Amino acid sequence: MVQRYQSPVRVYKYPFELVMAAYEKRFPTCPQIPVFLGSEVLRESRSPDGAVHVVERSCRLRVDAPRLLRKIAGVEHVVFVQTNVLNWKERTLLIEAHNETFANRVVVNEHCSYTVHPENEDWTCFEQSASLDIRSFFGFENALEKIAMKQYTANVKRGKEVIEHYLNELISQGTSHIPRWTPAPVREEDARNQAGPRDPGSLEAHGPSSALGPALEAVSMDGDKLDADYIERCLGHLTPMQESCLIQLRHWLQETHKGKIPKDEHILRFLRARDFHLDKAREMLCQSLSWRKQHQVDLLLQTWQPPALLEEFYAGGWHYQDIDGRPLYILRLGQMDTKGLMKAVGEEVLLRHVLSVNEEGQKRCEGSTRQLGRPISSWTCLLDLEGLNMRHLWRPGVKALLRMIEVVEDNYPETLGRLLIVRAPRVFPVLWTLISPFINENTRRKFLIYSGSNYQGPGGLVDYLDREVIPDFLGGESVCNVPEGGLVPKSLYMTEEEQEHADQLWQWSETYHSASVLRGAPHEVAVEILEGESVITWDFDILRGDVVFSLYHAKKVPRPGAREPGTRASGQLIDKGWVLGRDYSRVEAPLVCREGESIQGSHVTRWPGVYLLQWQMHSPPGGVACSLPGVDDVLTALHSPGPKCKLLYYYEVLASEDFRGSMSSLESCTSGFSQLSATTSSSSSGQSHSSSLVSR
């Protein structure tokens, strides 16, 4: 497995020329980097105008490894070859290095760049990336990988400190400014010589970039990179490898995810939840992004308005901050009639309200970060259990609580900084036994439990909350406006029919249908059309794998049996005995849909009958290399015994004459058809017409 490292952009608040003078002081030896034993110049060349200076060095590095490993390897130091291309005119230094020792067993590549800051020409940016591929090493591959990555990341931080050391040394010696490069005057004879034929191998003939490999050219700055100061200021202190994981996951999302990219602090929470294991964090984040889209969670704070009954009887609310500046949420669970609330508003409403609390918590963390000037990524919850009794252990209520815990754990990791549980009664151990297995170990470590009045005095709430913030019902000085809860009158309970109807009303639960496509087992949806000219519209997202989408027409209804017009049957519907062209016909050309793409389309039907929307697995031609995987590629190996594709889809059937004016209807279904109007307006009257749009 190839290990990769990507640094953030590190900024030196000094001009490029001064930084280059400090950089040159590292050679031929550098006492500040003990593992660097020395270097020698192998080749050196300059362009005729002196603007480009290329140096190739051989560098010796001490092997910092256990004696046994050094003895087996038979070396005390390793040799790297470093190529530096310094362009004084463009003010860039591009560095490429690779190992010469054990090159047939271990491949190490490093790429670095010094460039001028895009917003301040008197500052210098530094960026580096590296890869390590251990093919074989006497059976010690894993040990060597750990040692190499540990040593490399330790030297990453040291490298910046060394440059700053030499900058300070230059300034203390009176060198605080170095003039920029200017071209020397060109004599008439030189001008004639330069105008003549050029050596194809010269630097000037090809320009400075031709002296570089493709990898060196790839390290040029772009406008959407993280710098180290921003990470420290807004996200907190991270180790070099933690920074690298954040940058790699962020870059992967930018390359493959077609929807809204999460904020950096949100990505970081998923990395922390999986101990910065990149693949595991990516899998968890991909699942969450799919869930957020399916349930329209990004719009929750703009669209959610809790029912009046919930505002009156739900005993929870925000209340200032804790002693560390985290937003504080108070939940008086013991005073809350969870059974009554479930019977009055339903489980879906309660879950939606809990999600809105978590969304609001993230928003408040961002506000606290801006207000305090330091990263605040989590909040504190004060859970008051006075009044907790067997009524709270009502089985459907506990089941709903476990579901909410699972949803929050999966989609809001590392957002709870601390949970202060006060006035825990004797029945609490029973509840804890039921719910604790569903709570992540990292989250459980943040729980502080106080029974009786132990929360008062030293070691209690005063260690985590300022006295003026402790609510009055716990003996503090602060008036708390959190609702007191109480029993929900049975007269407000919904009937069973109302409960079922209320659960069906929530748009987020069944707007999109999910489907899995296996090799040799396509997913098909049958839509029966009674009128000749109707419009079938569709909207689907490919979450995992590549699929081929087709639309067919059949005169007879495939299994299972007849349905109401416009309703659907799904699964594999086309009988294997059917013959294409005889029993059914293709009415839209197959469309290859790549992982991560969002497809919207429409088809104006020409004949009545049954139309079949089909998604089948796409197999790329042999030998074709795949590009970056899409958002759910990481789930394949973990969740299916064999190849499997996954998608979310939605479709609607409209009367043809109403289609052009039905955009408000389409948008109200959140199907993303806003691009269809231009396409549909080109359809010809009386003709079958279809279109599909791909959002990349």
Side-chain angles (χ1 to χ4, degrees), residues 512-543 545-595 597-620 643-656 659 666 671 673 676 679-680 682-684 686-694:
Y512 286 83
H513 304 284
S514 62
S516 296
V517 180
L518 302 175
R519 191 174 303 279
H523 183 80
E524 295 162 348
V525 175
V527 182
E528 189 170 2
I529 301 296
L530 298 182
E531 299 179 7
E533 284 198 0
S534 296
V535 179
I536 304 173
T537 63
W538 54 82
D539 177 10
F540 58 89
D541 293 339
I542 309 301
L543 303 180
D546 297 341
V547 303
V548 178
F549 173 72
S550 302
L551 184 65
Y552 297 97
H553 172 263
K555 294 182 179 179
K556 60 181 180 180
V557 179
R559 55 178 175 85
R563 292 163 307 285
E564 292 295 324
T567 61
R568 71 186 184 103
S570 60
Q572 187 172 0
L573 303 177
I574 296 179
D575 193 294
K576 292 184 178 180
W578 282 15
V579 177
L580 182 63
R582 185 192 69 189
D583 301 296
Y584 67 110
S585 58
R586 181 181 285 119
V587 294
E588 181 168 351
L591 175 67
V592 177
C593 309
R594 302 296 180 184
E595 189 168 312
E597 290 182 343
S598 179
I599 313 294
Q600 298 85 35
S602 63
H603 179 85
V604 180
T605 63
R606 181 183 297 180
W607 314 282
V610 177
Y611 286 80
L612 297 166
L613 289 73
Q614 182 195 76
W615 295 268
Q616 61 179 340
M617 183 175 289
H618 172 66
S619 299
K644 180 178 175 181
C645 299
K646 187 176 180 181
L647 63 125
L648 290 174
Y649 68 92
Y650 176 87
Y651 78 95
E652 187 173 6
V653 178
L654 303 167
S656 180
F659 181 64
L666 292 174
S671 300
F673 290 121
L676 288 176
T679 308
T680 341
S682 62
S683 62
S684 302
Q687 298 293 321
S688 177
H689 174 78
S690 63
S691 64
S692 287
L693 297 174
V694 182

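Keep in mind the model is a prediction, meaning the values are calculated, not measured.
In plain terms, the two heavy atoms of R586 and A589 that are nearest each other are CD-CA, 4.3 Å. Minimum heavy-atom separation, H523 to V517: CB-CG2, 4.0 Å. The two atoms that bring E595 and D546 nearest to each other are N-OD1, 2.9 Å, heavy atoms only. Contact record, R594 with I542: O-CB, 3.6 Å, taken as the closest heavy-atom pair. When all heavy atoms of S585 and L580 are compared, the closest pair comes out as CA-CD1, 4.1 Å.
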Determine, step by step, whether W538 and L613 satisfy the side-chain contact (heavy atoms from CB on, under 4.5 Å) criterion, reporting the C-alpha distance in whole Å, the side-chain angles of both residues, the deciding distance to 0.1 Å, and the verdict.
CA-CA 9 Å; W538 54 82; L613 289 73; 4.2 Å; yes
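Looking at T537, its side chain does come within 3.5 Å of a backbone N or O of E652 through a donor-acceptor pair. In this structure, the side chain of H553 engages the main chain of P608 through a donor-acceptor pair within 3.5 Å.
By the 30° and 60° cut-offs, the orientation of the rings of Y584 relative to Y552 is perpendicular. Classified by interplanar angle (parallel below 30°, tilted 30° to 60°, perpendicular above 60°), the ring pair W615/F540 is perpendicular.
Of the inter-residue distances, the one linking I536 atom CD1 with I529 atom CD1 reads 4.5 Å to the nearest 0.5 angstrom. Distance check: L612 CG to L551 CG gives 8.0 Å after rounding to the nearest 0.5 Å. S534 OG to H603 NE2: the interatomic distance, rounded to the nearest 0.5 Å, is 10.5 Å. Atom CD of residue Q616 and atom SG of residue C645 lie 10.5 Å apart, to the nearest 0.5 angstrom. Remark: L530 CG to T605 OG1 distance equals 10.5 Å, nearest 0.5 Å.
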